[in-house]
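Step one of this worksheet: look at the structure below.
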Amino acid sequence: MDYQPKPEDRFTFGLWTVGNLGRDPFGEPVRDALSPVELVHLLAGEGAWGVNFHDNDLVPITATTAERDLIVADFKRALVDTGLCVPMATTNLFADPAFRDGAFTSNDPKVRAYALQKTMRAIDLGVELGAKVYVFWGGREGTESDATKNTVEALKHFREALNFLASYCQDQGYDLRFALEPKPNEPRSDIFLPTVGAALAFIHTLDRPDKFGVNPELAHEQMSGLNFMHAVAQAWDAGKLFHIDLNDQKPGRYDQDFRFGAESIKAAFFLVQFLENVGYSGSRHFDAHAYRTADYDDVRAFARGCMRTYLIMKAKAQQFAQDKEIQELLQAINADDGSMHQFSGAYSADKATALKAFAFDRVALGQRGLPYERLDQLLIELLLGVR
Ligand code: GLT
Ligand code: MN
Ligand code: MN
């Protein structure tokens with residue numbers, strides 16, 4: 001197998017990912033900035049399908065309308081030249097000092113109104129370039145001290161903003177779906193809607209829940225100590241997996257945004273296996289960046305590595321599905337002699353009465369061992385390449 005990315009793999013990167021300059025809280029940038037057009041060519045050269053951006057990754061916050069139009073025209077030409085598309089767009093509501101206390105949830109009504117204005121303009125830009133998914137990552141929506149903000153009020157402001165923007169899109173006739181991206185902390189000490197579960201619940205308090213889904217990020221759930229595949233599965237089950245951010249992370253660290261599969265090989269496998277088995281057809285977006293030690297050759301290696309690891313995991317998932325020993329174990333584990341069918345499915349009063357009267361052999365139920373050690377070891381050997 002060559003593990004070469006193809007358009008149907010739907011691999012995407014943000015301009016901010018391969019364009020990351022290696023700045024961190026302790027150090028200056030280590031790479032010279034490439035223009036958006038150069039970044040599009042870099043990604044196309046490595047086999048990506050699409051490129052995503054924040055408004056200000058493409059158009060500087062200080063640009064005039066004339067400058068904006070020139071930048072967008074150049075960018076569109078690069079997309080045509082390379083065949084790359086823009087499946088997703090988003091707003092930078094975190095970098096500017098105006099957002100130091102949040103955007104949609106700022107205590108200041110002027111900041112909240114400015115955030116709405118900036119987002120409407122950014123949505124216009126995204127739609128102009130073809131985006132079908134719009135991500136909301138509320139990086140500054142949170143607190144350091146809960147003395148500073150009323151949480152319920154903040155959630156109310158958040159809800160009003162999302163409702164306003166959904167109505168704006170409807171008014172404009174935009175064919176856009178929205179994806180909330182949860183994160184527990186960083187850059188705020190505590191961010192609102194910290195997990196996929198919290199975002200899923202919040203969606204049902206909005207005016208148009210059908211328009212909203214989630215954009216789970218592997219590293220963000222892991223920062224909360226959670227199982228990423230479980231979060232993704234729950235979003236999928238709810239019909240809410242609109243987008244996904246793939247990367248990696250050591251447990252318990254800051255948001256490292258490592259290359260996909262760089263650390264958590266097993267988690268990466270289960271995730272890819274899940275997405276492929278259920279037939280997820282959205283973008284596989286890599287929200288990661290190269291190590292600060294990288295030069296642009298190494299940034300290219302980083303981008304290739306993300307896609308290659310995904311494809312290797314996809315092949316491993318196929319191997320898992322075809323492995324006789326593994327499948328026999330799975331069959332044994334999921335065996336069903338049919339004796340309980342009388343109690344399964346929808347409730348009926350008769351079923352309940354019969355089930356209450358049924359005599360279970362509780363001790364026997366607790367005595368059976370399960371071959372999960374054997375199964376997991378087979379998986380490990382498959383992943384380590386000795387099967
Ligand atoms: C930022 C953040 C990401 C979000 C991006 C979208 S910006 O890089 O760390 O997780 O997906 O706003
Ligand atoms: Mn991240
Ligand atoms: Mn992300």
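Numbers here are sequence positions counted from 1. In listed order, ligands and their atoms are each counted from 1.
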Check whether L246 and M229 end up in the same hydrophobic cluster, where Ile, Leu, Val, Met, Phe, Trp and Tyr are linked by side-chain heavy atoms less than 4.5 Å apart.
yes

Can you confirm whether E8 is buried at CD, in the sense that more than 12 heavy atoms of other residues, nucleotides or ligands lie under 6.0 Å from that atom?
yes

Do the side chains of F75 and L70 get nearer than 4.5 Å, heavy atoms only?
no

Sort by chain and number the protein N/O/S atoms found under 2.8 Å from the Mn ion (ligand 2).
E217 OE2, H220 NE2, D255 OD1, D255 OD2, D257 OD1

Does E221 reach the main-chain N or O of L226 with its side chain, forming a donor-acceptor pair under 3.5 Å?
no

Ion pair present between E276 and K316, side-chain N to carboxylate O less than 4.0 angstrom?
no

Heavy-atom cut-off of under 4.0 Å around ligand 1: list whichever protein residues fall inside it, by chain and number.
W16, H54, T90, F94, W137, E181, E217, H220, D245, D255, D287

If only atom types and distance count, is the side chain of D248 paired as donor or acceptor with the main-chain N or O of F260 below 3.5 Å?
no

Can you pull out every side chain to side chain donor-acceptor pair (under 3.5 Å) where at least one residue sits in residues 378-387? Sequence neighbours excluded, please.
D323-R387, E325-R387, Q377-E381

May I have the list of side-chain donor-acceptor pairs in residues 118-125 shorter than 3.5 Å, sequence neighbours left out?
{"from": "K118", "atom 1": "NZ", "to": "D55", "atom 2": "OD1", "distance (Å)": "3.4"}
{"from": "K118", "atom 1": "NZ", "to": "D55", "atom 2": "OD2", "distance (Å)": "2.7"}
{"from": "K118", "atom 1": "NZ", "to": "N56", "atom 2": "OD1", "distance (Å)": "2.6"}
{"from": "K118", "atom 1": "NZ", "to": "N92", "atom 2": "O", "distance (Å)": "2.9"}
{"from": "T119", "atom 1": "OG1", "to": "A115", "atom 2": "O", "distance (Å)": "2.7"}
{"from": "D124", "atom 1": "OD1", "to": "Y168", "atom 2": "OH", "distance (Å)": "2.6"}
{"from": "D124", "atom 1": "OD1", "to": "Y174", "atom 2": "OH", "distance (Å)": "2.7"}
{"from": "D124", "atom 1": "OD2", "to": "Y168", "atom 2": "OH", "distance (Å)": "3.2"}

Salt bridge K183-E141, side-chain N to carboxylate O under 4.0 Å
no

Do you know which N/O/S atom name in E181 is closest to the Mn ion (ligand 3)?
OE2

Residues, nucleotides or ligands: over 12 heavy atoms within 6.0 Å of Q234 CD
no

